[in-house]
Chemist: 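Got a structure for you, written out below as structure tokens; questions coming shortly.
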Amino acid sequence: MAHWLVKSEPDAFSWAQQVANGVEPWTGVRNHMAKNNLKAMRLGDRAFFYHSNVGKEIVGIVEVVREAYPDPTAESGDWVSVDMKAIGPLPRPVTLAELKTDPRFAELALIRQSRLSVMPVSDLHWQLIARLGGWKA
DNA sequence: GCCAACGTTGGC
DNA sequence: GCCAACGTTGGC
């Protein structure tokens with residue numbers, strides 16, 4: 001089962017809203033690499049939910065409950081969405097600053113490609129971050 | 001097909 | 001508010 005990280009600016013769509021809504025369509029991705037990552041997501045895959053700009057930290061975990069379908073917010077049919085369900089908050093959010101200081105995360109896409117909004121996370125990185133966040137899986 | 005100009009993202 | 005990174009657009 002693959003793991004991912006998705007970014008959202010909390011001013012636009014926050015973790016609190018994700019939790020309140022339960023299941024939420026992940027729309028608005030307009031970058032081809034990010035789109036390819038969305039298309040590679042499978043039912044049951046989990047993703048870290050990251051707050052960009054405000055907070056700059058991983059705050060929770062979501063799960064893919066519907067695989068890629070045409071993004072309803074896209075004018076052309078070229079983009080895709082998936083549906084995400086809130087699974088739970090990290091007991092202790094893991095900040096970008098923290099990840100940057102730890103050499104084990106040097107290869108993490110969040111650090112290497114700061115502008116990518118949907119990215120894969122290796123199993124090792126997933127476990128390390130979940131542990132840092134106090135996640136009991 | 002190259003590349004300069006420009007727009008956007010996102011960290012600081 | 002600034003700027004680096006980087007994707008996109010458009011002239012040639």
Side-chain angles (χ1 to χ4, degrees):
Chain A
M1 190 150 300
H3 293 112
W4 309 92
L5 183 147
V6 293
K7 286 187 190 175
S8 185
E9 294 193 37
D11 289 345
F13 182 70
S14 69
W15 170 250
Q17 287 170 275
Q18 174 76 54
V19 169
N21 296 359
V23 173
E24 179 74 14
W26 201 267
T27 59
V29 169
R30 297 293 183 270
N31 168 286
H32 289 287
M33 215 178 308
K35 171 192 162 187
N36 288 338
N37 290 331
L38 284 180
K39 289 174 80 170
M41 289 183 181
R42 294 295 169 252
L43 280 180
D45 281 359
R46 290 190 170 186
F48 288 129
F49 190 111
Y50 174 81
H51 275 167
S52 62
N53 268 310
V54 179
K56 281 166 284 184
E57 57 190 9
I58 296 168
V59 291
I61 292 178
V62 290
E63 187 171 302
V64 177
V65 294
R66 182 180 175 191
E67 295 182 6
Y69 59 95
D71 184 340
T73 69
E75 291 180 18
S76 72
D78 296 342
W79 302 104
V80 300
S81 298
V82 299
D83 287 356
M84 297 289 207
K85 183 174 112 186
I87 298 299
L90 289 187
R92 187 184 149 276
V94 176
T95 66
L96 178 65
E98 194 175 346
L99 294 173
K100 281 188 138 177
T101 59
D102 189 330
R104 290 178 298 176
F105 297 114
E107 299 301 311
L108 191 66
L110 184 67
I111 290 164
R112 301 198 76 184
Q113 289 168 268
S114 63
R115 288 186 53 190
L116 188 59
S117 60
V118 181
M119 66 194 77
V121 174
S122 72
D123 289 347
L124 174 62
H125 282 152
W126 181 270
Q127 285 169 24
L128 290 172
I129 293 169
R131 193 169 309 147
L132 281 175
W135 180 258
K136 308 272 191 284

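Quick caveat, the model's predicted, so the values are computed rather than measured. Within every chain, numbering begins at 1; the chains are lettered A, B, ... in the order of the sequence lines, protein sequences first and strands thereafter.
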Chemist: Between B:dG10 atom C1' and A:Leu110 atom CG, what is the distance in whole Å?
Modeler: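 Rounding to the nearest Å, CG of A:Leu110 and C1' of B:dG10 are 11 Å apart.
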Chemist: Nearest-Å distance, CG (A:Leu116) to C1' (B:dG11)?
Modeler: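 About 15 Å, once rounded to whole Å.
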Chemist: Considering residues at least two apart in sequence or located in another chain, which fulfil the salt bridge (Lys or Arg N to Asp or Glu O under 4.0 Å) criterion with A:Arg115?
Modeler: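 With neighbours one apart ignored, the set is empty.
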Chemist: Grab the NE2-P distance between A:His51 and B:dT9 for me, whole Å please.
Modeler: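 Checked: the NE2 to P distance equals 17 Å.
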Chemist: Less than 4.0 angstrom from a charged side-chain N to a carboxylate O is my criterion; do A:Glu98 and A:Arg92 meet it?
Modeler: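 Result for this pair is yes, salt bridge flagged.
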Chemist: Tell me: NZ of A:Lys35 to P of C:dT8, nearest whole Å?
Modeler: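 Distance, rounded to whole Å: 11 Å.
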Chemist: Would you say B:dT9 has OP1 or OP2 under 4.0 Å from some side-chain N or O of A:Tyr50?
Modeler: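 Negative; the distance criterion is not met.
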Chemist: Decide if atom CZ of A:Arg131 counts as having more than 12 heavy atoms of other residues, nucleotides or ligands within a radius under 6.0 Å.
Modeler: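 No, CZ of A:Arg131 has 12 or fewer neighbouring heavy atoms, counting only those of other groups under 6.0 Å.
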Chemist: Counting only side-chain nitrogens and oxygens, does A:Lys7 get under 4.0 Å of the OP1 or OP2 atom of B:dG10?
Modeler: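 For B:dG10, OP1 or OP2 has a side-chain N or O of A:Lys7 closer than 4.0 Å.
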Chemist: Would A:His3 and A:Asp123 count as a side-chain hydrogen bond (donor to acceptor under 3.5 Å, both in side chains) here? Give the steps.
Modeler: CA-CA 7 Å; A:His3 293 112; A:Asp123 289 347; 3.2 Å; yes
Chemist: Tell me if the centroids of the rings in A:Trp135 and A:Phe48 come within less than 6.0 Å of each other.
Modeler: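 No, the ring centres sit 6.0 Å or more apart.
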Chemist: Are there any protein N/O atoms within less than 3.5 Å of an N/O atom in nucleotides 5-7 of chain C, and if so, which ones and at what distance?
Modeler:
| from | atom 1 | to | atom 2 | distance (Å) |
| --- | --- | --- | --- | --- |
| C:dA5 | N3 | A:Arg115 | NH1 | 3.0 |
| C:dC6 | O4' | A:Arg115 | NH1 | 3.2 |
| C:dC6 | O2 | A:Arg115 | NH1 | 2.3 |

Chemist: Short question: side chain of A:Lys39, backbone of A:Ala34 - any donor-acceptor pair under 3.5 Å?
Modeler: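 Between the backbone of A:Ala34 and the side chain of A:Lys39 there is no qualifying donor-acceptor contact (under 3.5 Å).
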Chemist: Taking CG from A:Asn53 and C1' from C:dC2, how many angstroms apart are they, rounded to a whole number?
Modeler: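 Result: 13 Å.
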Chemist: Quick one: is A:Lys100 getting a side-chain N or O under 4.0 Å of the B:dG10 phosphate, OP1 or OP2?
Modeler: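 Negative; the distance criterion is not met.
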Chemist: What is the distance from CD1 of A:Ile111 to P of B:dG10, rounded to the nearest Å?
Modeler: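 So the CD1-P distance, A:Ile111 to B:dG10, works out to 15 Å.
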